[in-house]
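Counting begins at 1 with the first residue of the sequence. Reckoned from all heavy atoms, side chains included, excluding hydrogens, waters and symmetry mates.
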Amino acid sequence: MWYVFEKLLQEWLCKIRYSCAVLWSVQEDYMEKQGSEQQEELRGSQEKRAQQPQANPVAVLLEWSGKKGTYALSVLLAIIGVAGSMVPYFAAGNMVVGIFNAVRDWSFYVQWACIAAVSYAVQIIFHHLSTTVSHVATFATIANLRIRLAQKLTRIPMGYVLDTPSGTLKRLLVEKVDGIETTLAHAVPELTSNITVVIAIFIYLGVLDWRLALATLLTIFVGLACMAGMMKDYEVWYQNTITTGKEMNNTSVEYVSGIEVIKAFGQSASSYEKFSKAVYASAHAFIDWMSHCQIWQDAMLSIAPATLVVVLPLGCLFVMQGSLEPATLVMCAVLSLGAFQPLYAAMSFGDSLAQVGTIVEEISEVLNYPDQKRAEKPGVLEGTDIKLKDVHFAYDANEVIHGVDLTINSGQVTAFVGPSGSGKSTLARLVAGFWDPTSGSVSIGGKDICQLCPSQLADLVAYVDQDSYLFDDTIMENIRMGRKDATDEEVISCAKASGCHNFIHSLPAGYQTVVGGSGGHLSGGERQRVAIARAMLKDAPIILLDEATAYADPESEAEVESAVAKLVAGKTLVVIAHRLSTVQNADKIVVVNNGTIEAEGTHNR
């Protein structure tokens, strides 16, 4: 009967829980539409709080969530639920005491049985309500945290992103952020409530008989000592899983991304060996850790719950000595049986709490990384001339740009030429604002780029890299990313002008063709022409083309160059190329070598 009752009650509560989640979601959607400005202020204040050092990682997570009141409600509901789970023990104790006292009133036992049943229902209801409240808040926090991390990556220097393996960033944004779910959704309400109830039980045991209360603690303390053995060198074991996990992620990404090269050069065996070793090391980091913990965990789970082993002999001795009533012994024995269950439930979050410190540290490393220096409001420009004044730039301690002075006149075509690794792309990225100079200044229209707001700088510059990246979307939408409000006709017009309309038109789905991850369904030359069309659609006054025709065949290259010449009229164009023939019609040619400018001029002089 109890089983059927529990199943019916759980089904009913699941419906309530789903309804609550829907209502909460609708309310948050409404608040999002009505209070976007307040949410912006909240996100700003959350970021400032995140940058302040916090001693307790759980406190940091609560600060990031901005939902302390919601979690407090969840804790309160959880306390009521756990307290409800303890009342049946108290009811059972009173019923046994009634038998000892020869109570023959049937209603006495029915009353306590009903109290136990209602308390059990209370435990189920309030547990579900608590987890519903905490999970809704937690998943909102996880979503907001991912958005903040993604936005943060756009505000920090490009060097940090390039120097961090993509597998590490993917692990941070996905697995690591997911890792806070257990702590916020379960540990905060359930650990707090279980510990509170355990304390209440021991206080009540102390009131009944302090000696048996201490006796109850004996086996629990021995069990905790076993747990301490299990937790020995925890940081070392856990850090090993983190290190090997990162290595496995990075190796996996490298193996999948380089599969074409691996097959072409017959390196399948050696590359697979590296991958398999990384997987083996990651798996055995956990297996070895489990082997270390197993014996201690088994000992703890065997000893800690065995409270009656100590309570009953001592209780019987006290009863024989006349210092304890038999009814009190029965009540203490029953309550001691219920003391370990909530304590073990609280201890089960030990792993999550130990791991959350590392998770918070890794997330904080990104959130607290210094932003690029940018103004909050747009600056007033005097034209779009670009000036680099005594610019030095270093990757970590390795300086690659050495005191460059350069003026790029508005409305002209300036070409950077030079050998690979000479610093051409770095100079272009400094102009685009991807990095800030180590010293010196880069200015546009008489304003240092540090005095421009990010959106203004983004509107000023369109950048096309030699490795043109396309998103896993249609060609139409990839080009439209240059200007989100562009019409289909404007997109097609730019595609025609950049020389990619013909190949797009030949595809089965035309402009609705999905290009795949990183544009993998298109050739290198096709990706570049789509990227150029996207830059043209943006209609920025400054256009940077970094080896943008590197993958184009001669016919396509001539078509693209002709289109670029028409579309950049009146704009500032910076072209980077290895071949002098590619830029011989430029207004100015700048020869870059070893991070310095060796010469400036035109093709004729």
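Between Phe416 and Ile408 the shortest side-chain heavy-atom distance falls below 4.5 Å. No side-chain heavy atom of Val574 sits less than 4.5 Å from a side-chain heavy atom of Ile543. Put simply, the side chain of Thr407 reaches to within 4.5 Å of the side chain of Asn409, judged on heavy atoms. By the 4.5 Å heavy-atom criterion applied to side chains, Thr474 and Val515 are not counted as neighbours. For the pair Val417/Val590, no side-chain contact is recorded, criterion being any heavy-atom separation below 4.5 Å from C-beta on. By the 4.5 Å heavy-atom criterion applied to side chains, Leu470 and Arg534 are counted as neighbours. Val366 has its side chain out of reach of Ile363: every pair of non-hydrogen atoms, C-beta onward, lies at least 4.5 Å apart. Counting heavy atoms from C-beta outward, Ile242 and Arg171 have side chains that approach closer than 4.5 Å.
Every residue two or more places apart in sequence or in another chain that forms a salt bridge (charged side-chain N to carboxylate O under 4.0 Å, His left out) with Glu175 is listed here: Lys170. Under the rule for a side-chain hydrogen bond (donor to acceptor under 3.5 Å, both in side chains), the partners of Asn593 that lie at least two apart in sequence or sit in another chain are Glu598. Take His402 and apply the ring-ring contact (aromatic ring centres under 6.0 Å, His included) test, not counting sequence neighbours, and it matches no residue. Listed by chain and number, the residues in a side-chain contact (heavy atoms from CB on, under 4.5 Å) with Asp472 are Val514 (sequence neighbours excluded). When the side-chain contact (heavy atoms from CB on, under 4.5 Å) test is applied to Glu181, the partners found at least two apart in sequence or on another chain are His135, Thr138, Phe139, Ile142, Ala185, His186. Residues meeting the side-chain contact (heavy atoms from CB on, under 4.5 Å) test with Glu365, sequence neighbours left out: Tyr160. The salt bridge (charged side-chain N to carboxylate O under 4.0 Å, His left out) search around Lys387 returns none, not counting sequence neighbours. Partners of Ser410 according to the side-chain contact (heavy atoms from CB on, under 4.5 Å) rule, which considers only residues two or more places apart in sequence or in another chain, are Thr384, Asp385, Thr572. Every residue two or more places apart in sequence or in another chain that forms a salt bridge (charged side-chain N to carboxylate O under 4.0 Å, His left out) with Lys588 is listed here: Glu600. In this view, Arg374 and Asp436 satisfy the side-chain hydrogen bond (donor to acceptor under 3.5 Å, both in side chains) rule, not counting sequence neighbours. For Glu490, the salt bridge (charged side-chain N to carboxylate O under 4.0 Å, His left out) criterion is met by Arg483, not counting sequence neighbours.
What you find for Asn240 and Ala285 is that their closest heavy atoms are ND2-CB, 3.6 Å. Here the closest heavy-atom approach between residue Pro370 and residue Ile156 is recorded as O-CG2, 3.9 Å. Nearest heavy-atom pair across Phe286 and Thr241 is CZ-CB, 3.7 Å. Residues Ile444 and Leu381 come closest through the heavy atom pair O-CD2, 3.3 Å. Minimum interatomic distance between Val530 and Phe503 (heavy atoms only, all atoms of both residues): CG2-CZ, 3.8 Å. Closest of all the heavy-atom pairs between Leu184 and Tyr71 is O-CE2, 3.3 Å.
Note that the CG atom of Leu388 and the CG atom of Leu406 stand 5.5 Å from one another [nearest 0.5 Å]. Between the CG atom in Asp587 and the CG atom in Leu573 there is a gap of 9.5 Å [rounded to 0.5 Å]. From Lys373, atom NZ reaches atom CG of Asp448 across 9.5 Å, with rounding to the nearest 0.5 Å. Atom CD of Gln412 sits about 16.0 Å away from atom NZ of Lys571, to the nearest 0.5 Å. Remark: Thr438 OG1 to His392 NE2 distance equals 9.0 Å, nearest 0.5 Å. Rounding to the nearest 0.5 Å places CD1 of Ile504 at 4.5 Å from OH of Tyr511.
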message: Please determine whether side-chain contact (heavy atoms from CB on, under 4.5 Å) holds for the pair Glu399 and Phe393, giving the CA-CA distance in whole Å, both sets of side-chain angles, and the decisive distance to 0.1 Å.
response: CA-CA 6 Å; Glu399 185 171 282; Phe393 179 74; over 6 Å; no
field: Derivation and outcome, side-chain contact (heavy atoms from CB on, under 4.5 Å), residues Asp178 and Arg146
entry: CA-CA 10 Å; Asp178 271 343; Arg146 283 198 174 113; 2.8 Å; yes
From CA spacing to verdict: side-chain contact (heavy atoms from CB on, under 4.5 Å), Val404, Ile401: CA-CA 7 Å; Val404 167; Ile401 301 296; 3.5 Å; yes
- prompt: Going through the checks in order, is the side-chain contact (heavy atoms from CB on, under 4.5 Å) test met by Ile180 and Leu145?
  reply: CA-CA 10 Å; Ile180 70 174; Leu145 188 55; 4.0 Å; yes
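Residues Lys246 and Glu362 are paired through a salt bridge, judged by an N-O separation under 4.0 Å between the basic side chain and the carboxylate. Under the 4.0 Å criterion applied to side-chain N and carboxylate O atoms, Arg480 and Asp485 are not assigned as salt-bridge partners.
The number of heavy-atom neighbours closer than 6.0 Å to CG of Asp405, taken from other residues, nucleotides and ligands shown, is above 12. Within a 6.0 Å sphere centred on NZ of Lys484, other residues, nucleotides and ligands contribute more than 12 heavy atoms.
Side chain of Arg527 to backbone of Leu522: a donor-acceptor contact under 3.5 angstrom is found. Side chain of Ser493 to backbone of Glu489: no donor-acceptor contact under 3.5 angstrom is found. The closest donor-acceptor contact from the side chain of Lys424 to the backbone of Ile576 lies at 3.5 Å or more, if one exists at all.
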Would you list the atom pairs, donor with acceptor, under 3.5 Å between side chains in residues 450-464 and any protein atom, with sequence neighbours excluded?
{"from": "Gln456", "atom 1": "OE1", "to": "Gly379", "atom 2": "N", "distance (Å)": "2.8"}
{"from": "Gln456", "atom 1": "NE2", "to": "Gly379", "atom 2": "O", "distance (Å)": "2.8"}
{"from": "Tyr463", "atom 1": "OH", "to": "Arg429", "atom 2": "NE", "distance (Å)": "3.4"}
{"from": "Tyr463", "atom 1": "OH", "to": "Asp546", "atom 2": "OD2", "distance (Å)": "3.1"}

